[in-house]
Amino acid sequence: MITGHGDDIHGYEGVRMNFSSNIYAHADITPLVEHLRGEMVRICNYPEPEALTLEAKIAGKEGVEAECVIVTNGATDGIYLAAEACRNLGISHHHIIQPTFAEYEDACRNAGLLIQADADEDTDAVWICNPNNPTGECIDTEGMIMLAKEYGTLIIDQSYENITLCQMMTAREAVDAGNIIQIHSMTKTCAIPGLRLGYIVTSHRYAKAIRKCLHPWSVNALAISAGHYILDNDFKAVRDIEDYLSEAQRLRNELDAIEGVSVMPTDTNFMLCELSVGTAAELKDWLAKNHGILIRDASNFRTLTARHFRIAAQNKEENDTLINAIRLWTSIPH
């Protein structure tokens, strides 16, 4: 199991502002919480062995066949299932577009797949996160279709698809392509990382292979109930995505203007930053101890360095506090 993710708030005392997770910390999920309070009796019985009722509802929303949807215990569960299914289908040579979420590589290694540093004529499958974690970059649908035509299998993690204004490949397009495994996350859309709920959309061939890897009751009853509520009520954690992303761009621009900090362009709510002095670990500890602010040390992403960190925009007041704190830190001799 990989450690060293964001939201490691358990390791720090006095954290008041959490920029370390790619989730908006001020989302109002009260209606969903109230719904789940009334559903607690469900924990007295086993959930569906497979979340077929929720799969059918997702399929109706996405305009695909129910057999092409597999509900998972969060998007990460979908990542490991996709790797296992590839192994069973003989899809053995995998390339992962870096820097990105470390679980793709871990899932491939656990499944005994060969990971290639570069894609070549032997590459069977390519993994890509869109929008990409940690850079925030997006590739539009046309670009994804071109990638799918170039490689035998394309595995797309679209966990952050609802926190961007970029055009995302639809589930229908993924199924029709025939060689795409598309991973989705309700965790990110609804700011419920502790509940663990995601789903895969793919063609019949891959769906059949993935279902053979499923464990019974892998998605709990409350998560299934939450999924139904989310779809029935079109529930989203961030209602005004344009306003939120506008604030994220303001934060990005303000940080990028600080001497000693550079910030990559981003198409979503989170952004990758690089220091010219000091290290991300030093900055992280200093912010936590002196300002109650938690950021994500991004040095453990492959191809990144000890100077990289990632943050996700919060509200204007907290964003300004972060800007001022980092401005202060860069003024201190290192």
Practice item. Mind running side chain to side chain contact (heavy atoms under 4.5 Å, CB included) on Thr72 and Leu81 for me, showing each step along the way? Key: CA-CA 9 Å; Thr72 61; Leu81 287 168; 3.8 Å; yes
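- You'll find the ring centres of Phe270 and Phe19 outside the 6.0 Å limit.
- In this structure the side chain of Trp127 never reaches within 4.5 angstrom of the side chain of Ile156, judged on heavy atoms.
- Partners of Tyr244 according to the side chain to side chain donor-acceptor pair (under 3.5 Å) rule, which considers only residues two or more places apart in sequence or in another chain, are Asn269.
- Across all non-hydrogen atoms, the minimal contact from Cys190 to Ile29 is O-CG2, 3.4 Å.
- Using modelled atom types, no side-chain atom of Glu62 and backbone atom of Ala59 make a donor-acceptor pair closer than 3.5 Å.
- For the residue pair Ala207 and Thr202, the shortest heavy atom distance occurs at N-CG2, 3.4 Å.
- We find the CD1-CZ distance between Ile332 and Arg327 to be 13.5 Å, quoted to the nearest 0.5 Å.
- In this structure, the side chain of Thr189 does not engage the main chain of Asn162 through any donor-acceptor pair within 3.5 Å.
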Exercise for review: Test salt bridge (charged side-chain N to carboxylate O under 4.0 Å, His left out) on Arg239 and Asp28 and set out the steps.
Suggested key: CA-CA 9 Å; Arg239 305 304 299 186; Asp28 181 10; over 6 Å; no
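- When side chains are defined from C-beta on, Leu304 counts as touching Leu272, because their heavy atoms get closer than 4.5 Å.
- Taking CG of Leu251 as the start and CG of Leu245 as the end, the distance is 12.0 Å to the nearest 0.5 Å.
- Glu247 places no side-chain N or O within donor-acceptor distance of the main-chain N or O of Gln314, the cut-off being under 3.5 Å.
- Atom CZ in Arg310 sits 12.0 Å away from atom OG in Ser299 (nearest 0.5 Å).
- No chain of hydrophobic side-chain contacts below 4.5 Å, direct or via other Ile, Leu, Val, Met, Phe, Trp or Tyr residues, connects Leu52 to Ile70.
- Taking 4.0 Å as the cut-off between side-chain N and carboxylate O, Asp320 and Lys316 count as a salt-bridged pair.
- Residue Thr100 holds its OG1 atom at 12.0 Å from CZ of Arg302, rounded to the nearest 0.5 Å.
- Of the N and O atoms on the side chains of Tyr160 and Asn22, at least one donor lies less than 3.5 Å from an acceptor on the other residue.
- A 4.5 Å side-chain heavy-atom check between Ser225 and His35 finds at least one atom pair inside the cut-off.
- Heavy atoms only, all atoms of each residue included: Ile210 and Ala85 are closest at CG1-CB, 3.6 Å.
- Here the CD atom belonging to Gln116 is positioned 8.5 Å from the OG atom belonging to Ser92, to the nearest 0.5 angstrom.
- Under the 4.5 Å side-chain criterion, counting only non-hydrogen atoms from C-beta, Leu154 is not in contact with Ile181.
- Using a 4.5 Å cut-off on side-chain heavy atoms (C-beta onward), Glu318 and Ile293 make no contact.
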Point to revise | Thr266/Glu137 under side chain to side chain contact (heavy atoms under 4.5 Å, CB included): CA gap, chis, key distance, verdict | key: CA-CA 5 Å; Thr266 180; Glu137 295 174 297; over 6 Å; no
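- In this structure, Thr268 contributes its side chain and Ile163 its backbone to a donor-acceptor pair below 3.5 Å.
- The main-chain N or O of Thr53 is found under 3.5 Å from a side-chain atom of Glu48 such that the two form a donor-acceptor pair.
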Practice item. Take Asp285 and Lys289, measure what salt bridge (charged side-chain N to carboxylate O under 4.0 Å, His left out) needs, and give me the verdict at the end. Key: CA-CA 6 Å; Asp285 287 343; Lys289 292 174 182 176; 5.0 Å; no
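- Under 3.5 Å, the side chains of Asn253 and Arg250 contain no donor-acceptor pair of N or O atoms.
- Asn130 contributes a side-chain N or O that, together with a main-chain N or O of Ile139, makes up a donor-acceptor pair within less than 3.5 Å.
- Atom NE2 of His204 is surrounded by more than 12 heavy atoms from other residues, nucleotides or ligands within 6.0 Å.
- Residues Thr76 and Phe101 meet the side-chain proximity criterion, which asks for heavy atoms closer than 4.5 Å.
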Practice item. Kindly determine whether Glu55 and Arg211 satisfy salt bridge (charged side-chain N to carboxylate O under 4.0 Å, His left out), including the steps that lead there. Key: CA-CA 12 Å; Glu55 289 173 359; Arg211 287 191 190 280; 3.2 Å; yes
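- Distance alone, capped at 3.5 Å, places no donor-acceptor pair between the His95 side chain and the Val126 backbone.
- No donor-acceptor distance shorter than 3.5 angstrom exists from the side chain of Glu84 to the backbone of Ala107, with no hydrogens or angles considered.
- The aromatic rings of Tyr199 and His184 sit parallel, their planes meeting at an angle under 30°, below the 60° perpendicular limit.
- Considering only heavy atoms from C-beta on, Met169 comes within 4.5 Å of Gln158 through its side chain.
- Cluster membership check: Val277 does not share its hydrophobic cluster with Val261, using side-chain heavy-atom separations under 4.5 Å among Ile, Leu, Val, Met, Phe, Trp and Tyr.
- Between the side chain of Asn220 and the main chain of Leu222, a donor-acceptor pair closer than 3.5 Å is present.
- For the atom pair CZ (Phe235) and CE (Met186), the distance works out to 12.0 Å, reported to the nearest 0.5 Å.
- For the pair Ile97/Tyr104, no side-chain contact is recorded, criterion being any heavy-atom separation below 4.5 Å from C-beta on.
- No side-chain N or O of Asp122 forms a donor-acceptor pair with one of His93 less than 3.5 Å apart.
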Practice item. May I have the step-by-step check of side chain to side chain contact (heavy atoms under 4.5 Å, CB included) for Tyr206 and Ile91, ending in yes or no? Key: CA-CA 11 Å; Tyr206 293 101; Ile91 302 168; 3.8 Å; yes
Practice item. Any chance you could lay out the side chain to side chain contact (heavy atoms under 4.5 Å, CB included) test for Leu197 and Leu54, step after step, and finish with the verdict? Key: CA-CA 11 Å; Leu197 185 62; Leu54 184 53; 4.2 Å; yes
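- For the pair Asn179 (side chain) and Ala148 (backbone), a donor-acceptor distance under 3.5 Å is present.
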